[in-house]
Amino acid sequence: MSPIGVFDSGYGGLTVLREFVDRLPQYDYLYLGDNARSPYGTRSFETVYRYTLQCVEWLLKQDCPLIVLACNTASAKALRSIQQNDLERLNPAARVLGVIRPTTEIIGKHTTTNSIGVLATTGTVQSGSYEIEIEKFFPQVRLTQEACPMWVPLVENNEHTTDGADYFVRKHIANILSRDKDIDTLLLACTHYPLLREKIEKYLPKNVKLLSQGEIVTHSLQDYLQRHHEIEGTISKEGRRAFYTTDSAEDFTNKASIFFGETVNAVHLDLQQ
Ligand code: DGL
């Protein structure tokens, strides 16, 4: 098996994998969730880099020719270092991609007011990655970011559909819209947030377009694979999926269907060994 590796700090990347599997079902996929050490969103650069690198190393050892960091926090804080400093040593033929670049490449096409809002973890907001990348592709865009530190724990604890979640959703939507009244495009820049979509829409004016990354990243992956035959040709294509978690396999198996929309059978991975 030479699958596409899909990595997230926990469950969030499963929302991205869902879209990969729906649109590109022919490939084999190997998912790794670092649940034992999630959330990443509040951790330092050094820690997110160290954890992500360890997971990428493991995925490379499983013969993944291509790895997608389906996590904004890891894409913001670890991707560049891994691409520039580690990949050459670990496996120069393999590729590691993130979710921020494909999103920022197209996001400006959605706005007519040139005002875009980004909802993300504290780590992603503080990294400045969205500002830097959007500036490259759409310098005319005015960007407003809002960190929503409670949203990942709400989703991870299956509280995202409860009345309690409304308080935190309403608060952050009101905050970001009060900082720029012209926002007409709002990005869910955390792979956990699509689970809160229904609640977010409840507090969002109808003229604001809500974007989540699964579809965007899938289009970008498809395009990448069409352009890179040397990578595409090495990926195994039997439609197999395998799921690993650094925490309890039983917990992962129980919760994953909320994110993935179908039952999975997870295997525990001890990265300390
Ligand atoms: N899913 C991760 C992201 O997209 C965040 C979850 C976490 O904080 O670990 O940023």
Side-chain angles (χ1 to χ4, degrees), residues 5-20 31-56 67-80 82 96-104 107 117-131 133 145-160 165 168-169 172 186-197 200 210-218 220-221 243-247 251-252 255-256 258-260 271:
V6 179
F7 167 73
D8 182 49
S9 58
Y11 298 103
L14 289 169
T15 63
V16 177
L17 180 62
R18 178 73 265 159
E19 305 268 349
F20 286 177
Y31 185 90
L32 174 58
D34 193 7
N35 297 77
R37 302 186 290 197
S38 83
Y40 279 15
T42 45
R43 296 191 192 276
S44 68
F45 263 86
E46 168 52 35
T47 302
V48 172
Y49 167 62
R50 192 157 44 85
Y51 289 174
T52 306
L53 178 60
Q54 211 182 1
C55 292
V56 164
I67 296 168
V68 179
L69 303 185
C71 173
N72 282 273
T73 312
S75 299
K77 294 185 160 188
L79 178 63
R80 186 172 297 224
I82 290 173
V96 183
L97 307 175
V99 290
I100 295 181
R101 183 72 182 243
T103 308
T104 54
I107 196 163
V118 162
L119 301 165
T121 65
T122 308
T124 299
V125 170
Q126 283 175 353
S127 74
S129 298
Y130 274 95
E131 272 148 340
E133 292 295 320
Q145 300 192 82
E146 172 81 4
C148 313
M150 288 301 290
W151 288 14
V152 168
L154 281 171
V155 171
E156 295 261 327
N157 291 292
N158 206 7
E159 292 287 338
H160 56 286
F168 292 102
V169 170
H172 292 298
L186 194 56
L187 174 71
L188 302 181
C190 170
T191 51
H192 280 67
Y193 294 177
L195 274 286
L196 286 159
R197 190 175 187 112
I200 296 167
L210 193 58
L211 297 180
S212 48
Q213 291 174 302
E215 206 180 323
I216 298 170
V217 177
T218 306
S220 167
L221 176 65
F243 298 85
Y244 282 76
T245 173
T246 54
D247 208 343
D251 286 352
F252 191 94
K255 268 195 198 171
I258 304 171
F259 298 81
F260 193 57
L271 275 179

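Whatever order the structure lists ligands and atoms in, that order sets their numbers, starting from 1.
- Counting heavy atoms from C-beta on, the side chains of Leu69 and Val99 never come closer than 4.5 Å.
- Using modelled atom types, no side-chain atom of Asn35 and backbone atom of Asp247 make a donor-acceptor pair closer than 3.5 Å.
- Between the side chain of Thr52 and the main chain of Tyr49, no donor-acceptor pair closer than 3.5 Å is present.
- Using cut-offs of 30° and 60° for the angle between ring planes, the Phe252 and Tyr31 rings count as tilted.
- Side-chain N or O atoms of Thr246 include one that pairs as donor or acceptor with a backbone N or O of Ala36 at under 3.5 Å.
- The ring of Phe260 has its center closer than 6.0 angstrom to the ring center of Phe243.
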Give every pair formed by an N or O atom of ligand 1 and a protein N or O atom closer than 3.5 Å, one pair per line with both atom names and the distance to 0.1 Å, or write none.
unit_1	atom_1	unit_2	atom_2	d
ligand 1	1 (N)	Asp8	OD1	3.2
ligand 1	1 (N)	Thr191	OG1	2.8
ligand 1	1 (N)	His192	ND1	2.9
ligand 1	4 (O)	Asn72	N	2.9
ligand 1	4 (O)	Asn72	ND2	3.4
ligand 1	4 (O)	Thr191	N	2.9
ligand 1	4 (O)	Thr191	OG1	3.2
ligand 1	8 (O)	Tyr40	N	3.3
ligand 1	8 (O)	Gly41	N	2.8
ligand 1	9 (O)	Ser9	OG	2.6
ligand 1	9 (O)	Tyr40	N	2.6
ligand 1	10 (O)	Asn72	N	3.4
ligand 1	10 (O)	Thr73	N	3.1
ligand 1	10 (O)	Thr73	OG1	2.7

